[in-house]
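Counting convention: from 1, in listed order, for ligands and their atoms alike. Each residue takes its place number in the sequence, starting with 1.
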Amino acid sequence: MTMYNCGEFSLKLDVPLVMGIVNVTPDSFSGDGLRADVVAAREQAARFVEEGAAILDVGGESTRPGAAPVSVEEEIRRVVPVIEAIRDLGVPVSIDTWKPQVMRAALDAGASMVNDINALEAEGAMEILAASNAAVCLMHKQGTPQTMQHAPAYRDVVGEVTEYLAHRARAAQHAGIDAQRIMLDPGFGFGKTLEHNLTLLHHLDRTVALGYPVLAGLSRKSMVGAITGRAVDERLPGSLAAALFAVSRGARIIRVHDVAATVDALAVWQAASCNRTGHS
Ligand code: HH2
């Protein structure tokens, strides 16, 4: 059975798990940002854990296309008090950042995972992770959040994304990060057209075949909006369908804004997949 080690925690990945998003931002695309309100963040995080979230992912900088960058100081000011307020909820806390200084502050505050849209490419990031016992999610993106949706282009999107993730995972292991602390993510919506996203989702098994647990972040994303024609606050049914498709292709962690609904959907999918009745 695959285990995923995040600091003191060891997560069993025999069933797909849910990562609940705690955005302490004023400008997240999904409209769920909590503006660094520690009490509201704690309430939301506690509710997510009650609803079945296995990981809490705290973010202090929006990465939506065109988002304004946030300084290191401001990002730390947003996320550290929230991590301190939720670290005792019994599940690993992940910090969603690409900045080494924020990673360091978050790990010191009690985070046990780093979710990096930049796959530890920033100078010093790899060393911080290697010197810790925290887990990491290495994500693919093309370009930066400011420019990534201008004209994303690939010769072979699945091949390029898979090759990049394999390369970053090898670099991480070479730096001393154990394979059981590494998770990969093709980065839906990060420098990808609708067609790129759908091709990656359809072939997610290629990322899974690299041998590391795979995270899929599809919740409320514009690809769901493009397919359904729904506004961001009406994308739950589409997001659930995308989550179920991702787990059917081997994803093990689903990053979402709507924890309870996703946990239920995955429970039904899992029960049917196991066919506990024994009938074929
Ligand atoms: N998506 C977002 C942010 N971080 N991390 C990973 N590993 N995978 C993703 O798909 C991913 C991510 C964007 O979603 P959200 O955090 O809700 O929005 P914003 O960046 O606007 O706060």
- Query: Which one of N115, T25, V232 has a non-hydrogen atom at the shortest distance from atom 7 (N) of ligand 1?
  - Reply: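 Comparing heavy atoms across N115, T25, V232, the nearest one to atom 7 (N) of ligand 1 lies in N115.
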Sub-3.5 Å N/O-N/O distance, [X] and ligand 1:
| X | result |
| --- | --- |
| D57 | no |
| D27 | no |
| S62 | yes |
| D96 | yes |
| F29 | yes |

Top protein contact for [atom], by heavy-atom distance:
| atom | result |
| --- | --- |
| atom 6 (C) of ligand 1 | D185 OD2, 3.1 Å |
| atom 16 (O) of ligand 1 | R255 NH2, 2.9 Å |
| atom 22 (O) of ligand 1 | S28 OG, 2.5 Å |

Using a strict 4.0 Å cut-off to heavy atoms of [X], name the atoms of ligand 1 that fall inside it.
| X | value |
| --- | --- |
| T63 | 2 (C), 3 (C), 13 (C), 19 (P), 20 (O), 21 (O) |
| R64 | 20 (O), 21 (O) |
| H257 | 17 (O) |
| M139 | 6 (C), 7 (N), 8 (N), 9 (C) |

### Query
Where does the angle between the aromatic ring planes of H202 and F245 fall among parallel (under 30°), tilted (30 to 60°) and perpendicular (over 60°)?
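If you compare the ring of H202 with that of F245, the planes turn out parallel.
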Is any side-chain heavy atom of [X] less than 4.5 Å from a side-chain heavy atom of [Y]?
| X | Y | value |
| --- | --- | --- |
| D57 | M113 | no |
| Q173 | R170 | no |
| S132 | R181 | yes |
| D96 | I117 | yes |
| Q142 | H196 | no |
| R249 | L201 | no |

With heavy atoms and a 4.0 Å threshold, my read on which part of K221 contacts ligand 1 is side chain
Practice task
Using the salt bridge (charged side-chain N to carboxylate O under 4.0 Å, His left out) rule, collect all pairs that involve residues 36-53, keeping only residues at least two apart or in two chains.
Solution key: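 Checked against salt bridge (charged side-chain N to carboxylate O under 4.0 Å, His left out) - neighbours excluded - the pairs reaching residues 36-53 are R42-D88, R47-E51.
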_With a 4.0 Å cut-off on N to O distance, would you call R168 and D116 a salt bridge?_
no
